[in-house]
Each structure stands twice: as structure tokens, then as C-alpha cells.
Amino acid sequence: MSSNLLDKGYEPHEVEKRWYSFWEEEGLFAASENGSQNSYSIVIPPPNVTGVLHMGHALNNTMQDILCRYKRLRGDNVLWMPGTDHAGIATQNVVEKHLAGQGTDRHQLGREKFIEAVWEWRKEYGSAIINQLKHLGASCDWDRERFTMDEGLSTAVRKVFVQLYEEGLIYRGNYIINWCHRCHTALADLEVEHEEIDGNLYYIRYPYADGKDGVIVATTRPETMLGDTAVAVNPDDERYRQTGKESVILPLMNRQLPVIKDKYVDMSFGTGALKITPAHDPNDFEIGIRHDLPSIKVIGDDGMMTAEAGKFKGLDRFKCREEVVKELEKEGLLEKIEPYKHSVGHCYRCKTVVEPNLSKQWFVSAKPLAAKAIAAVKDGRTRIIPAIWENTYFDWMNNIRDWCISRQIWWGHQIPAWTCEECGEIVVALNTPEKCSACGGKKLIQETDVLDTWFSSALWPFSTMGWPDKTPLLKKFYPTDVLGPGFDILFFWVARMMMMGIHFMGDVPFKDVYVHALVRDEKGKKMSKSKGNVIDPLTIIEKYGTDAFRFTLAAFAAQGRDIKMSEKRVEGYRHFVNKLWNAARFALMHIDNSYDSIEGHNLSLPDKWILSRLNKAAINASEAIESYRFNDAAGALYKFVWHEFCDWYLEAIKPVLYGKEGEDKRKRTLSVLWRVLHDTLILLHPFIPFVTEEIWNKLPGTEGSIMRAIFPPDNSDFAKTVRDLEAEAKMGLVMQVITGIRNIRGEMNISPSMSLDVSIQSDDGIIRETINQHKDIIVNLAGLEVLSVESSGKKPERVATSVIEGATIFVSLEGIIDFDRETQRLEKEINKLTNELAPVLKKLKNENFLGKAPEDVVKKVKDKKMQLLEKQQKLQSNLDRIKALNPVQGSS
RNA sequence: GGGCGGGUAGCUCAGUUGGGAGAGCAUCGGCCUUACAAGCCGAGGGUCACAGGUUCAAGCCCUGUUCCGCCUACCA
């Protein structure tokens, strides 16, 4: 089953498996802690340990792998740090489901046993995503793989928590937070997804204390009224000035509520009166503090109504809403119900509607940290690419609110804080304290909450390298060179790494942030399980091979634009991989051991040309990769390989390879062919690592893995590589002649098997000489019997004509005459030229253009005019002659 | 409500200081030419969303309109 040079098509699977193991075994992904080369580092955005590889991972890690492999080939000492995230809530959910399948739950197990169960689960399933990354070809330094819950990283987490607490940047307090009843935990603002839904706006009448009419308030959540402790109006609102309007009766609960005055209330909305529920609404909470109102928590942490809800106690919050509405209706206090679109928060993990809830939580004071993170981007220590994301970053950072970091779940880093049972003192420490630091009491109870998962991932760039120890790794590889996140985690992760990195390391965590786009389905819709439009990268890899898939991702990764993925596209790039395979197959049929250095040899025109184009492709590709324009890099290489190397060079050298021009020339050409294939493989390797390695190993004169190659060999700047512009111009002429002849053949429907007689006329001696010198190439590629070159003179008869710059090509139609067709063809050409000429002539008649445009632009346009006119005139005179020869032939 | 991105060939998209509208796929015509039919050679196809403006010159810069998508937000 091994891929053999005799195989006509490339079979990726066996090749991929074989080479990936080889790379790992040879330690080719390993970074050196004491290498003297330039170091380059990337930390992987750690996928959730519960994750399966999706398109986002695939894109993201392909880009990183391209960068890492590219840098290695340039001679750098590369560290790509891999690992996974413990993903607190997500993992706990998964394991809970797992347990449910076994007929138990975490409460039956208890905390300690449950955490054991999670570790067990991780041992069994946790490396799935890692294996999938390997299928993708990711060249991570796997020996250094980390996990956000491993011992070292946990130490880092505690160290950071303690220091921030001591610096006063972590505090604990009673605030309104977002509460998910299903996950039974607080959520940070970021973890709430807002979604517009069709709801109702309920207008409820709160009678005045004296029993008269009353105030009408509006709410989308009537059940929260049970916890109201005031009604607020704007102090400027005339409607609520009279006496007797100082307080109202809360329906259903029969509590008396004060009518307070607060500028927050918008007089123009509804009746200008706002019910205040400090325990279940963030604004109401603020107002409550201002007016010293009590908070009554009527919705419990389980989503059921509390005892404070009176007779509604124990009802589910949504059921309670129905009941409250029913009751109000019965009492005639429900004025009206209006359909109302509003955005409702959902838990980003389980999509449950979250409830603003009053609760005691831990917070990171974000403003001081954010200030430094803003500055670092402003002064360019960290670049965000594409720059369009900078504004988004600044916006968020400037409006940052304190970060709620405590979670009421079990799986995660337990907060290193202890409460003294005797004096109530809170002790925060790296390790379990022996006694209370205030009273010396020995009964210390550890905080049961764990930290937000993002708290540990915020430390990822330095915690993975051994911090808080001063390791050689940190010294060599921090700050990292680039980070490659999706924009969806710009705030969750990138912003927080910036804050933590700068605060604890004194330097930014990465120099560049390359924010990649979203991979969508072929219709541009976001992929999601519920829509059923998810394309599984592993299926794609299975079907088309990793290389084809990677190249597709790269080819479509235009900055700032989402990628629409479809199988058809991958199929297209599989053709490219196959094309390379076959080109190599062809080359290797001839190369055997006949290659040599190309230095000092007298090379043919196609040889010089292809080497120059190779240099151009190398420059384009490397510049594009360095500036994260992966699509440009892929495009440049694609075009070079297919349309220059295969379509022209390989075709041009065939007669030489088949020995028609002697052994010396054959050997020289083989040496060039070897060189071009050799370098092309290296250039392509970052994109399509497997097939290039496979071919590399079949190429004589290479030793070991392509991953050990360095290119350019002297590690110099690509831009310094020399191009041979003269060869490019000459070959360009030859190609134009060939295309001109082929065009006639195609248009006139002349069979490719029919050899043609062609004569070319030119006044330009250099053109004549060039064509004469490379006659053999033209004869070969255009399928000619005879090619003659002369200076302009008598025009041949019975010919089809094609005009290129400086020369006219005549294809003899003797014996294959179809003058009708040629007449039509020439008329069409002439017509086209007239259209092209129109704007040019118009410009040159414009005095303003001639006067104001720069000289070189004017000259360009004038040249263009001359060129078009000349071409048109030549075609016209040939058309005239054909018509004169065949007067009876009209246009059919 | 605020902000951002996009509208270029039938489809998917490039188009980097304003100066000749491009690619891939699809379509049409011709080829089994000894690396590749997953291929080769050739052809057709666009009022650059709409309307103004700046400029000698606009796909590109400015203003407005419209459609699509996304992010963000504590108007009940």
C-alpha cells in the first residue's frame, strides 16, 4: 500500500501516518532550551479537554503550523507549546452526563470522589483532541504538553491569586451577578450570550397606599415583582409630585413600597415609573444602594421561588411568572400585556436563561490591569492583526468591568482562601494555612468555589513555561512571537493574557496577535450542531487527505474575511496536491543520479526563466507568510507550481530530457530540474507537509527529513535572491508567440495533431534573434512543422494572423483553409481592440490629463495607444487581404 | 441604541500608497500529446449594490441611501 512513484495518484493516508510518527520519533518538533539560533515561539490556544476538533481548531492550528514549519525551515529554534484547558463548566457538564448514564450523580459521589471521576474521565478521553491535532499535522513540541490543572500550572494559579489579593486587586463581595440555574454557578458578563427573543411587556398597577388608582409599572419579568422594594420615578416628573403618591402597595404581597426619586428613570418610557427589585436586576441593585433599599431574593439558586415569594414558594421561576400574571388578572391589576422584543441572557455553556442574582463572589479589579494592557497595544509592543480588531480591543478594555472569577462548581482550581470559624477572618495563602493569621484559631474552612477557567488560561503563555520558577524556557521563549486566536476569544482569553502577562512578567505575552476569521458553511452560515451544517475536519481529512485540507484553509484565509468551507473546495486543492505528486513523479523518472550543481553552467532560457520565477515565488510566499497573508502565500506557490513549473517548464524541457539535444544539455537541465523541485518542496512544506516529505525522500541527494532543510541555504533574506529579468522577458516573448499560435489553432478548430507552418515577421532584430534562438521550443510547444523568421516584407497569403508586440505571426492555412472563420476571428479581434482603444484615446484628448497627470503615466498611455493601434492596423490589413482573396465569402 | 465588516464574472472570492478589472470553480469548444482526464489547449462572461462628491483620473478617497452579516449594550 505504500505510495510508489509508479502510482499515478497520490494516496495520502498511509503517507501521513508514516511521516508523522517519524517526525515525532526523530524529535523534529522539539525546541531547544539552549540553541543559539534565533528563537521563535507560539503557545497553542489550549482546546478544551472535552473538545473534538472542529473547523475553528483546524484553521487556527494550520496557520500556527505553517508559521512554525516555515520558521524552522528558515533556521529558527521553534517552540510550539501545546496543551489543553480543563474547561471547568464544560467538563463538569460532560462528566455529569457520563455519571447520569451510570445511574449516579455528583451529589451522591461527593466532591472528592467526583473530582476523581473527572480525572478518570480525562485519562480515558482527554487526549482525543490531541490526537486529532496530530492528524492535522500539527508540529507541537508534544513532550512539553501542559494541562491547566496540572501541578505546575496550579501552583502558578495560586501564586497569582495570592499576589493579586495582597495587592488589593482581588476582592470579595455581594453583588448582582449572572446566575445559571442549570450549571448552578455564577457567570462572568462575558459568559452571557444575549439573544433577541419575543417576550411580553406586562403593565401592572401598584395601587397607592391610600387605595386609590395607583402607579403603573412595566416589566418583562413579572415574577420579580415579588421581590420589589420600591417604585422609582424621575425627580423631574410632574406626574408623581402630589401628596398621597409617596408610597404604593405591592400587589399579591401586600407590602408597602416607597416611591423614590432617581434620575436613572426615563420619564418617556411607559408611565415613567419603574419597579425596583434590587436582588434581581443590576440597575435596581445600584438604585437600591443609592437609596438604601432592602434586597429580597425571591428566586433561589436552583431557579425555584424562595420562601420570600410567599405562596409562590417552590414554583419554578417560569411557572411562577404564569401564576403571578393569573393572580394579577384576577385582582384586576394587570393593565395590559404587549408583545415585546428584548434581549435575554443565556448561559454560554448550556443556553439556559440566566438570572441576575444577588450573591457573594470573588472579583478581579480589572481597570488597573486593563490600563497597562491598553498601553501595550497603543505603543505597538503587541500588534493586533488585522488592525481592525484593535478598536474592538480598546473599546472593551476601556469599558471593562470587574471580572467575577468565582464559580460554584467543583471542577477547577479551588480558591486558596480560608475562613476562620472563630473570628471570621479570611486567610488567603499559597498553601493550606495551619492557623488563622488574626486570632490563631485552627478551624479554617476553605472556600468551596473554584476559579473561572479563564483565570488559569490567562496565565498560559508563562505558566506553561515553568513560571513562577525562572526557567531557561521562559528566558528563551517569553514573550512569544505570535498568538493565533479566533476573534470569539479576543476578550475571554487574549485580553486577559495581556493583563496578566504584563502584570506578572513585566512584558507582553506576545508580540503579534493574528486574529483569524470564522469558518462557516458553504452558504456562509455559522456552523452549529443544531443547524446540522457542521463539516467535520476529520471527515474531510479522511476523504481528501490532510495536505489538501490544509492548503484549502490557507488558500482561503484572507485577512478579516470569514471562510466559507465546502467539500468541493477541498477537492479542488486535492487536485493541486496530486499535480505536484505527478510533476515530481515525472521529474524523478529522469533525474536518477544525473543532477549536479547548477553553478557556472551555461543554462538554457527555460532554465534561467524557471529559476528566476522560483525566486520570485519564494520572495512572494515568504513575505506573505511573514505578514500573515496565508492566502497570498498559498496563491503564489499554487500559481508557480501549476502554471509556471508544470505548464511551461516541464513541457519545454521534455525534448531535452528525452535526449534529443545531447547528453550534456540533458544533464544540465536535470540539475536545474532537481534544484527547482528541491526548493519548491521546501517552500511548500509548511502548507502541505506530508506529500512534500514523501517526495523529498524519493529525491536523490536529500538526506533525512525535509524538516531539517534550511532555505535559502545561507539563511539569507529572500529579497536578496537574484532575478533574471532578461530571461523573464525573453521567455515571455517565446510564450507569447506560442500562445498566439495556440490561439489560432483553438479558434480555428485545427486538430492538435496537425503540424503547422508558421512564419513570423518583425522589424526588431532582437526579437528576431530571440525567436530564432529558441525556435525549437516554439516548434515543440506550438506543434509546428516549419517556423521561419524574417523582417517585415511581403505578407504571406492564405494565412491566419496573430499580432503580438513587435511581431506578427502568420499561420499557414494552406490545405486547411477556412477563411470564413478567419474573417470572423479577425473582425472580433479588431472590434475588441477598438473597445480597448476608446478610453485611451479619450484620455489623450483631454488637455487636463496631459497637463496634470505625471509624465510616466502619460507616457504609459501613449505607448498603450501606439501598441493597440499598431496591432489593430496589422490585423486590419490582413483582414483586407483575406477579403480581397475571397470576395465571395461574406460573413456567414 | 452604539460599533464594525461586506455587496466585484453564474458561484466563491482576490484586488496593499487612486493611473491597464483578476483568479479558482462552473459553462462552451477542441484534445486519451508517452507525469497527471484529479489532466492538456483554447474561448465566452462584469454599469465593481445605488446616488452624489473630490480628482486630469475612483472598485479604491468623502457624503448619503439600501441590502446582508457580525460584535456590543443595564431602557424597565
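In what follows, chains are A, B, ... by sequence order, proteins preceding strands, each numbered from 1. This one's a predicted model, so the numbers in the text were calculated from it and none came from an experiment. FYI, side chains are in, hydrogens and waters are out, and symmetry mates aren't considered; it's all heavy atoms of this structure.
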Residue pairs passing the salt bridge (Lys or Arg N to Asp or Glu O under 4.0 Å) test where at least one lies in residues 571-583 of chain A, sequence neighbours excluded: none

Check: A:Phe549 ring centre within less than 6.0 Å of A:Tyr544 ring centre: no

Salt bridge flag under 4.0 Å for residues A:Glu335 and A:Arg205: yes

Dot-bracket encoding of pairs in RNA chain B, which uses [ ] for pseudoknotted crossings and | for another strand, Watson-Crick or G-U under 3.5 angstrom: (((((((..((((.....[..)))).(((((.......))))).....(((((..]....))))))))))))....

Touch class at under 4.0 angstrom, heavy-atom based, for A:Tyr264 against every strand present: base

A:Leu580 side, atom CG; A:Thr680 side, atom OG1 - distance, nearest 0.5 Å: 8.0 Å

A:His342 vs B:rC75: side-chain N/O to OP1/OP2 distance below 4.0 Å: no

Side chains of A:Lys832 and A:Thr834, donor plus acceptor under 3.5 Å: no

Side-chain N,O (A:Lys832) to OP1/OP2 (B:rG44) below 4.0 Å: yes

Contact letters for nucleotides 27-35 of chain B, in which S counts primed atoms plus P, OP1 and OP2 and B counts the base, heavy atoms under 4.0 Å: --SSS---B

Between B:rG22 (P) and A:Lys639 (NZ): distance, integer Å: 12 Å

Cation-pi check, A:Arg666 onto A:Trp674 ring (under 6.0 Å, within 45° of axis): no

Euclidean distance for P, B:rG46 against B:rU8 (whole angstrom): 15 Å

Flag, side chain of A:Arg629 to backbone of A:Ala621, donor-acceptor distance under 3.5 Å: no

A:Asn283, nearest nucleotide to its side chain (from B:rC75, B:rA43, B:rC74): B:rC74

Partners meeting side-chain contact (heavy atoms from CB on, under 4.5 Å) with A:Asp189 (sequence neighbours left out): A:Asn178, A:Arg401

Touch class at under 4.0 angstrom, heavy-atom based, for A:Leu201 against every strand present: nothing

Sugar-phosphate, base or nothing in reach of A:Lys842, heavy atoms under 4.0 Å: nothing

Side-chain donor-acceptor pair present, A:Glu193, A:Tyr348, cut-off under 3.5 Å: no

Sugar-phosphate, base or nothing in reach of A:Asn578, heavy atoms under 4.0 Å: base

Show which side-chain atoms of residues 843-858 of chain A pair as donor or acceptor with protein atoms under 3.5 Å away, not counting sequence neighbours.
unit_1   : atom_1 : unit_2   : atom_2 : d
A:Asn846 : OD1    : A:Asn848 : N      : 2.9
A:Asn846 : OD1    : A:Phe849 : N      : 3.4

Touch class at under 4.0 angstrom, heavy-atom based, for A:Val265 against every strand present: base

Distances for protein N/O vs nucleotides 52-58 of chain B N/O pairs under 3.5 angstrom?
unit_1 : atom_1 : unit_2   : atom_2 : d
B:rC56 : OP1    : A:Lys852 : NZ     : 2.5
B:rC56 : O2'    : A:Asn846 : ND2    : 3.0

Touch class at under 4.0 angstrom, heavy-atom based, for A:Trp642 against every strand present: sugar-phosphate

